[in-house]
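Notes for the one structure printed next.
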Amino acid sequence: MDFHTFANLSRNMNKKYHEYEGLDLPAFEKEILKYWGDNQTFEKSISLRAGATPFVFYEGPPSANGMPGIHHVISRTLKDMVCRYKTMQGFQVKRKGGWDTHGLPIELGVEKELGITKEDIGKKISVEEYNKKCREAVLRYKDKWDDITRKMGYWVDLNDPYITFKNEYIETLWWLLSELYKKGYLYESVSIQPYSPAAGTGLSSHELNQPGTYKDVKDTSCVAMFKAVRNDRSEFLYSKLLTSLSGRQAPNPELFFLAWTTTPWTLPSNLGLTLGPNIDYVLVKTFNPYLHNHLNVVLAKNLVPKYFKEEGKDGDFDAYDEKQKIVPWKILAEFKGSELEGCEYEQLFPYEANSPAAIEEITPGAKPFRVLLGDFVTTEDGTGIVHTAPAFGADDYRVGKKYNIGILTMVDRQGKFLDGLGEFSNRYVKNYKDEKDYVDVNVDISVKLKKENRAFKVEKYEHSYPHCWRTDKPILYYPLDAWFIKTTAIKDRMVELNKTINWKPASTGEGRFGNWLENLVDWNLSRSRYWGTPLPIWRTEERDEQICIGSIEQLRNEGAEADKALGTDNAAILSDEKLDLHKPFVDDIILVSSKGLPMKRVPDLIDVWFDSGAMPYAQWHFPFENRETFKESFPADFIAEGVDQTRGWFYTLHAIACLVFDSVAYKTCVSNGLVLDKNGNKMSKRLGNVVDPFKTIEDLGADATRWYLITNASPWDNMKFDVDGIKEVQRKFFGTLYNTYQFFSLYANVDGFSFKEAPVPLEKRPEIDRWILSSLHTLIQKVTAHMDDYEPTQAGRLIEDFVDEQLSNWYVRLCRRRFWKGEYEEDKISAYQTLYECLETILRLVAPVSPFFSEALFNNLNAVSGRFKEESVHHVSYPKANASMIDVLLEERMRLAQDVCSLVLSLRKKVNIKVRQPLQKVLIPALDPQMKAQLQKIEELIRAEVNVKEIEYLEPDNQFIRKKMKANFIALGKKLGPKMKAVSAAIAEFTQEQIANFEKDGQYNLLVDGEPVILQISEVETSSEDIPGWTVASKGRLTVALDITLTPELESEGNAREFVNRIQKIRKDSDFDLTDRIEVKVSGAEGLKESLAQFKDYICAEILADSLDFLPSIKEGTLIDINDNSLNVIVLKKG
RNA sequence: AGAUCCGUAGCUCAGCCUGGUUAGAGCACUACACUGAUAAUGUAGGGGUCAGCAGUUCAAAUCUGCUCGGGUCUACCA
């Protein structure tokens, strides 16, 4: 393989096209990688486009602390392909790489490695030391990533990547945050967040979505009874009761609200009951199923059947006793949730710690223990009444705040009850400490409620509940301070801008992303971690003054003022050499407020997703540097990542762009699906079904892998990855293309074809050349349209079909003789030029998908022809379709020819006559003049291909063939409607005479169900059914009949052809060169002598023989057999 | 729980948007051919309740609804 030296050679008429020993894709690729490296081919692909319209692409930063997997290869193939395509289309496509370096996975990896937990940070290891470890860990696998990037042929600038932990990067983040702060979009609030008491840490949504965090668990659930206070507000309920008093009912009837919970431990923190304003509720009279006393309860009407058996409805209350299974019940009244708003109830678990006095102390002025209304209430579970503990649920918190019911957090951060809760004090609400004899406090709570006539139903309930993926313990929702971005403020704008984005597939944008935007909540930015971007907010201890820092310069200025006013030593921390905008250093900086008070940084870090979403700005250190570069590269024309990034990177990019710049961040977004194993299972290390991309590329080649990933399924469908599929691509597509190239170079080298002659004008080229060129340009048109539409799968499949079906199996097969026979003159040159153009164009078309193979072969071709001055296929322009070369009729009739040949060959097969045996005639009914004209133009080609002497056409009006008519359903269906069935049946029954009349008149009157129907000839399809006495085959409208009579003349020619075939085999077996002349001696060919003599000239021409002699006998010749005649031949190379 | 994608031959996928009467390809399998591209190619064959049910329609793989199965994402599942 020496193609890469071509650049150093001047063009040379004697230069040969490189011929290969075999197809070894991985070997190709190694050569090409070296070539690209030596020649800076990637860099030049950008610099050569200086001044061209930019096509802006953003690289989503991978995290380099894990190994790259095969799923990374698919999205990167997609990205690379688009960028290469756009480059070839004339755009300048810069691709700045990047690394995501902050965040939880990195921290956890480090903790695992060091064998520590979060609590140890700052104790066993200093924050400084810990962050240093993180910084070392983030780029642990960078080499592997760089390696796969290179080997898969992903062109991205790895020399100057953006790295999210750099001060410059963080400075841009701070600037963005300060912009948000100025707009009032950055605020602090208590929020209810997932929290792991076992680990003592809040959990990010990321952590909550680790595989296996949601587990099905059985919890003790309890329908608690909250006793309504009788007052003016509730009197209307009590009045319903009094009218239905019965004998056994106490004079002071009790009335309860039923509320369900799967977390009874939250009940001591209860402060409200929430009802749906539009939900129907009923007041039901019944008995307590445990204590059997009289009860009156309120619950949602829909849920009555869940708690009351139909048999008990309006049952006999007086006859009830405890042994009875059927509990009688009766609906006394019905009302909307809204009618109950403001009703009060008695606290369920009154203790010291949650006493009204305590509530008043925590939240002065709060009015707890009331009925509230909330839209989130459903009647799918529970009772339609939601027990509301503001501390332990986000909905609860929100509705609680709205009604000012206060907040009680009766559980501490270790997950145990506070003091002052009676027998429950200091008990863990779940078994967080792996205590052997842990008694579930939820059960005890439920038992207590039962005993006190406060539980209506207690049972185990199975549901999926989030667990801390590190400790495997259930999380709880817990109130924590957090900073938010008020994304809800610009929700409508985000929705509006989203509609301008070209999503591939559209459903990701409209459905998944659109819905997400519709249900937007404010972005919780806070993370209580160590390794990440610090929130740049400093404030006084009293929290009455705060500042958001937007640049390093501002921080230095503020720092210097503090140094002056407070005598701090910020200057040391902020010096150029020492500056590090991470913990713990930033936390050591003390600023000064306008009142002269010290301000400390709030301890929070920000969500890492903000890091990546800010990359359009931060990668250029905007606005501190590169203002122009940024302007030219925002927003992106194109991004692509896995669909799992919809709520990740796609969202954060969109949100920040909308918030700060009132713009989209990207115009087109391609989201690819997952890569599953070949059985459709998700790849995971645990299952051991992960595919190693290094091995795949090493074994099978990047090009075949890329081609497979692109063409096997649309990128957004989940793909079942199977290496056998890559092997198929290798064999089928690359093998065929390679063979075609080898075929071309074999003969082009023999004839010295180097495209030095002027192109043969199209009109002078034979039909088949014009056809393949027409098909080629049609292909270019379609492929370009698909590529522009980000539908590479469609484009790739079309190319595959062209290479395999059209170019290789039709054009080359039919044209073989033109390359090896005859002189080097116009027809042959036309063939070379045509095939050359096809190859060259295909290689340019596939270059974005399979960059290596196309580079190698393109350069091989170009090294000889010198048609392009560019040194890489990736620098040349993408082929442009030339409409004047497209001839639709020509393409149509070639399809017709292919069909005719296929039918004739199948007939030959049926009667067992070899293709080498010539036959006299094929009969084809020409159903209309157009069809006949089309067939006549390709007659010669058909005759040669199927080895028949003549083609005879049967005119439309001949009486010879039997015809068949079929309704044209599309045309007739609309016209006839319900009569369709009857008419189509009638048409199918037409006699030959009826058909003939129909064809003659052009229309036909039919009587269907007594009603006349006039059929036009265009409303039916005619085909020939049979030609009596002939062997026929048909496909659609096309029918062919083959004359299978073998005359002695034909047999004789057949013998001659067989003989040629045998001699050719001997030539080949003897390793003769294509051009070697031979002498042939034959003996024992008595039965064939006449045939061979008759076709001697033909035979000699075919086998390049100077003589063909018949001898009485031959010793040591080769014994061959032709049509049951055996003969002995000697084939000698001359000279 | 919600959203979304997917379900067509043993396997990988077309076809569905825009309904039309024998549902196609490739791989694999079987048989027979062909052979100066040969680790290729051709022809033929077997192989399908188009996940299921219901509806709309003269006509449904195709449109609608529901159900089931698989994947993913999301979740404030009380």
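Within every chain, numbering begins at 1; the chains are lettered A, B, ... in the order of the sequence lines, protein sequences first and strands thereafter. Worth saying up front: this structure is predicted, and the values here are computed from it rather than measured.
For Phe744(A) and Tyr17(A), the ring centers sit closer than 6.0 Å to each other.
Pair assignment for A3(B): U72(B), on the basis of Watson-Crick or G-U wobble contacts that are both within less than 3.5 Å. C34(B) makes up no base pair with any nucleotide shown, lacking Watson-Crick or G-U wobble contacts both under 3.5 Å. Nucleotide C29(B) forms a pair with G45(B), judged by Watson-Crick or G-U wobble geometry with both contacts under 3.5 Å.
Residue Val915(A) is classed as having no contact, given no heavy-atom separation below 4.0 Å to the nucleic acid. The residue Gly973(A) sits close to a base: some heavy atom pair falls under 4.0 Å. Gln742(A) comes within 4.0 angstrom of nothing in the nucleic acid, heavy atoms only.
When each of U41(B), A78(B), C13(B) is scored by its nearest atom to the side-chain atoms of Ala713(A), the top-ranked nucleotide is C13(B). Proximity note for Leu746(A) (side chain, C-beta onward) versus C58(B), A44(B), A37(B): the nearest is A37(B). Side chain of Met980(A), nearest nucleotide from A33(B), A37(B), C58(B): C58(B). Here the nucleotide nearest the side chain of Lys981(A), chosen from A59(B), A78(B), C13(B), is A59(B).
Applying the 4.0 Å criterion to OP1 and OP2 of G42(B), one finds that Asn809(A) has a side-chain N or O inside that range. Considering only side-chain N and O atoms, Thr740(A) lies nowhere under 4.0 angstrom from the phosphate OP1 or OP2 of A37(B). Considering only side-chain N and O atoms, Arg731(A) lies nowhere under 4.0 angstrom from the phosphate OP1 or OP2 of U41(B). Within the structure, a side-chain polar atom (N or O) of Lys732(A) is placed less than 4.0 Å from OP1 or OP2 of U41(B). Residue Tyr747(A) places at least one side-chain N or O closer than 4.0 Å to OP1 or OP2 of A37(B). Phosphate contact (OP1/OP2 of C77(B), side-chain N/O of Tyr477(A), threshold under 4.0 Å): present.
Looking only at atom types and distance, the side chain of Thr388(A) has a donor-acceptor partner in the side chain of Thr274(A) under 3.5 Å away.
For Thr274(A) against A78(B), no side-chain N or O and base N or O form a donor-acceptor pair under 3.5 Å.
Projected onto RNA chain B by closest heavy-atom contact, Lys964(A) and Thr261(A) fall at different nucleotides, the more 5' of which corresponds to Lys964(A).
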Next item on the list: For Glu641(A) and Asn672(A), run side chain to side chain donor-acceptor pair (under 3.5 Å): C-alpha distance rounded to whole Å, both residues' side-chain angles, the deciding distance at 0.1 Å, then the answer.
Entry: CA-CA 6 Å; Glu641(A) 298 293 334; Asn672(A) 60 272; over 6 Å; no

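In this entry the distance linking CG of Asp899(A) with P of U43(B) reads 11 Å, nearest Å. Atom CG in Leu1042(A) sits about 16 Å away from atom P in U43(B), given to the nearest Å.
The CG atom of Asn1061(A) sits 8.0 Å away from atom CD1 of Ile1122(A), with the distance rounded to the nearest 0.5 Å.
The environment of Lys457(A) atom NZ is dense: over 12 non-hydrogen atoms of other residues, nucleotides or ligands sit within 6.0 angstrom.
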